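To keep things clear, I will list the structure first and then write my remarks on it.
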Amino acid sequence: MALKILQFQPQLKRYAFNSSISSSFLKFHFFSSESSSPYSPLDKDVDKLFHIIHNCPSIETLKKTLKSTEMHLSNELVEKVLKRVRFSHSNPIQALDFFYYVDSKKGFYHSQISLDTMLYILGRSRKFDKMWQLLIETKRKDKSLISHRTLQVVLGRIAKICSVRQTVEGFKKFRRLVYDFDTNCFNGLLRVLCQEKSMVDVRNVYHALKGDFRPNLQTFNILLSGWKSSEEAEGFFEEMKEMGVKPDVVSYNSLIDVYCKRMEIEKAYRLIDKMREEDVCPDVITYTSLIGGLGLAGQPDKARDLLTEMKEYGCYPDVPAYNAAIRNYCIAKRLGNAYELVNEMTEKGLKPNPTTFNLFFRVFYWSNDLKSAWSLYRKMKSDGCLPNTQSCMFLIRLFKRQERVEMALELWDDMVEKGFGSYVLVSDVLFDMLCDLGKLNEAEKCFLQMVEKRQKPSNVSFKRIKVLMELANRDEALKRLSESMAVFGPQIQFRRPNEDFDDATSLQHVAR
């Protein structure tokens, strides 16, 4: 079924923030690629094992209980159980006991997914000593399980809560754990630092350690993708060529993206000309960056023309390219033109995705246009489209702002029934609104629905509901909620992370 949008009258092409979009503007037909899957026997086994792990206070009790179940432990089952532990924030030590118990079973060998998930659980809980111990034991039993992905998982958890110095020290420990401590490992470190630290830190680490490795094309593409400063990006681009590494389309696209985000459009065009001189063909990502840059520069019409121009070079716009052009018109408050582009997309057989519709939800949110946002959501439901988390957050915040409890509860019930969106993020706003308005019965119901979905409400939400129920002498309700929270295990208290390490001289000391 093709997605269709009503054509709009010319006089309605511009949209003022203080007016509402008529419901006739919102007659979209959406697609849904998601469907609810039945509760399989494997899911039941996952539930059973998860509760055994959670409720067994000691490794001896755990072993005895697991033996009594006589359950067949497959790699798929173990992977799903560990993922459940990860997403439920359950006790990491009990999960590790389970991991070791399974590992001791004759003929069983953990997969890379199981190992990486267990390491993630330990790293998130700051059980770094246990994490390194597990890696050492894995090395003795099957070193092949320790991959470049494992390195990124471990370093990612360290970098998230520790300093750059500690992250680099952790990286150097892997020299004794992996078969080849090579440039791919170095690239993994840089990728993690790009995600978790500042680009100044990344630059310092690169210069401190590059003598031990031979930077390759991937190294520079990682570095180029992180910069917001065109001067810094140009410096790495030049160093790349000086080292004899030939830039590819990813390299050029990274630099073009920096130019476009800084509205240096002329530089972007000149670099595209250079690409063609070097026989590197611009791709749809190149043009998408340029479309976004033209929008930032206040030229949405010129950006739209690029959708046609790029076809002359044999490059055809995809959904993200159209989304970039639609975003420009939404920013310019020209929703009529934005809707025209959605029509054009569907005529060419492209299906608008949740990002497309979130562009409109954003406009409705900032203009406080609840009527249009709600009409769009109801139409999405009627056409079978499941919103994503961002859609839900725009809606729930709008409901909270206007204190529309009935709409918020309808959205929540839809999420529970159809399984879309992030329960954790949406519930924080929902519980905040229900507590503000004294809707404790509704808060309790939503809380228990969330737990039934095996999703852990945030401690902040739980504490606020708890205080209000204590003040209202709702002892029975409070007992139910406390028992529900108990299934997720004891809460782990963390100290604040150390300050990031960004001293280049000290980094060079670490490198030695």
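As the structure is a computational prediction, the values presented were derived from the model and not from experiment.
Side-chain contact between His110 and Met118 is absent, with no heavy-atom pair separated by less than 4.5 Å. You'll find the side chain of Leu217 stays beyond 4.5 Å of the side chain of Lys246, heavy atoms only. Taking the side chain as every heavy atom from C-beta outward, Met393 and Ile396 approach each other to under 4.5 Å.
Closest non-hydrogen pair, Leu448 versus Arg480, comes out as CD2-O, 4.4 Å. Between Gly170 and Ile158, the shortest heavy-atom distance links the atoms CA-CD1, 4.4 Å. Contact between Ala95 and Ile53 at its shortest, heavy atoms only, is N-CG2, 4.0 Å. Nearest heavy atom pair, residue Ser458 against residue Asp428, reads OG-OD1, 2.6 Å. Here the closest non-hydrogen pair linking Phe420 and Leu411 is CE1-CD1, 4.2 Å. Minimum heavy-atom separation, Ser289 to Ile256: CB-CG2, 4.3 Å.
Side-chain atoms of Gln152 and Arg191 include a donor-acceptor pair closer than 3.5 Å. Of the N and O atoms on the side chains of Tyr252 and Glu278, not one donor lies less than 3.5 Å from an acceptor on the other residue. With 3.5 Å as the limit, one finds no donor-acceptor pair spanning the side chains of Tyr377 and Glu410. Ser147 and Thr150 form a side-chain donor-acceptor contact under 3.5 Å, judged by distance and modelled atom types alone. Donor-acceptor pairing under 3.5 Å is lacking for the side chains of Ser254 and Asp257. Of the N and O atoms on the side chains of Asn216 and Thr183, not one donor lies less than 3.5 Å from an acceptor on the other residue. Glu231 and Ser229 share a donor-acceptor pair across their side chains, judged by distance under 3.5 Å alone.
A distance-only check finds a donor-acceptor pair linking the side chain of Lys141 to the backbone of Asp103 [under 3.5 Å]. A donor-acceptor distance shorter than 3.5 angstrom exists from the side chain of Thr389 to the backbone of Ser422, with no hydrogens or angles considered. A side-chain donor-acceptor contact under 3.5 Å links Lys139 to the backbone of Arg176. Remark: the backbone N or O of Arg124 is not paired with any side-chain donor or acceptor of Lys160 at under 3.5 angstrom. A donor-acceptor pair is defined here as one N or O able to donate and one able to accept, closer than 3.5 Å; no such pair exists between the side chain of Lys261 and the backbone of Lys228. Here the side chain of Arg397 pairs no donor or acceptor atom with the backbone of Tyr365 at under 3.5 angstrom. Remark: the backbone N or O of Tyr109 is paired with a side-chain donor or acceptor of Asn75 at under 3.5 angstrom. Tyr423 places a side-chain N or O within 3.5 Å of a backbone atom of Met415 that can act as its donor or acceptor partner. For the pair Ser125 (side chain) and Lys127 (backbone), a donor-acceptor distance under 3.5 Å is absent. Judged by distance alone, the side chain of Asn358 and the main-chain N or O of Pro354 form a donor-acceptor pair under 3.5 Å.
Aromatic ring centres of Phe98 and Phe50 lie farther apart than the 6.0 Å criterion allows. Remark: aromatic rings of Phe394 and Phe361 are distant, center separation not under 6.0 Å. Checked against the 6.0 Å centroid threshold, Phe431 and Phe462 do not count as a close aromatic pair.
Every side-chain hydrogen bond (donor to acceptor under 3.5 Å, both in side chains) that Ser144 has, sequence neighbours left out, goes to Asp142.
With rounding to the nearest 0.5 Å, the separation of CD in Glu137 from NZ in Lys130 is 9.5 Å. In this structure, the separation between NZ on Lys80 and CG on Asp45 is 11.5 Å, given to the nearest 0.5 Å.
In this structure, Asp436 pairs ionically with Arg464, as a charged nitrogen and a carboxylate oxygen lie closer than 4.0 Å. A salt bridge links Glu238 with Lys241; the closest basic N to acidic carboxylate O contact falls under 4.0 Å.
In summary, of the residues considered (Thr167, Leu155, Asp201), a side chain to side chain contact (heavy atoms under 4.5 Å, CB included) with Leu193 occurs for Thr167 alone.
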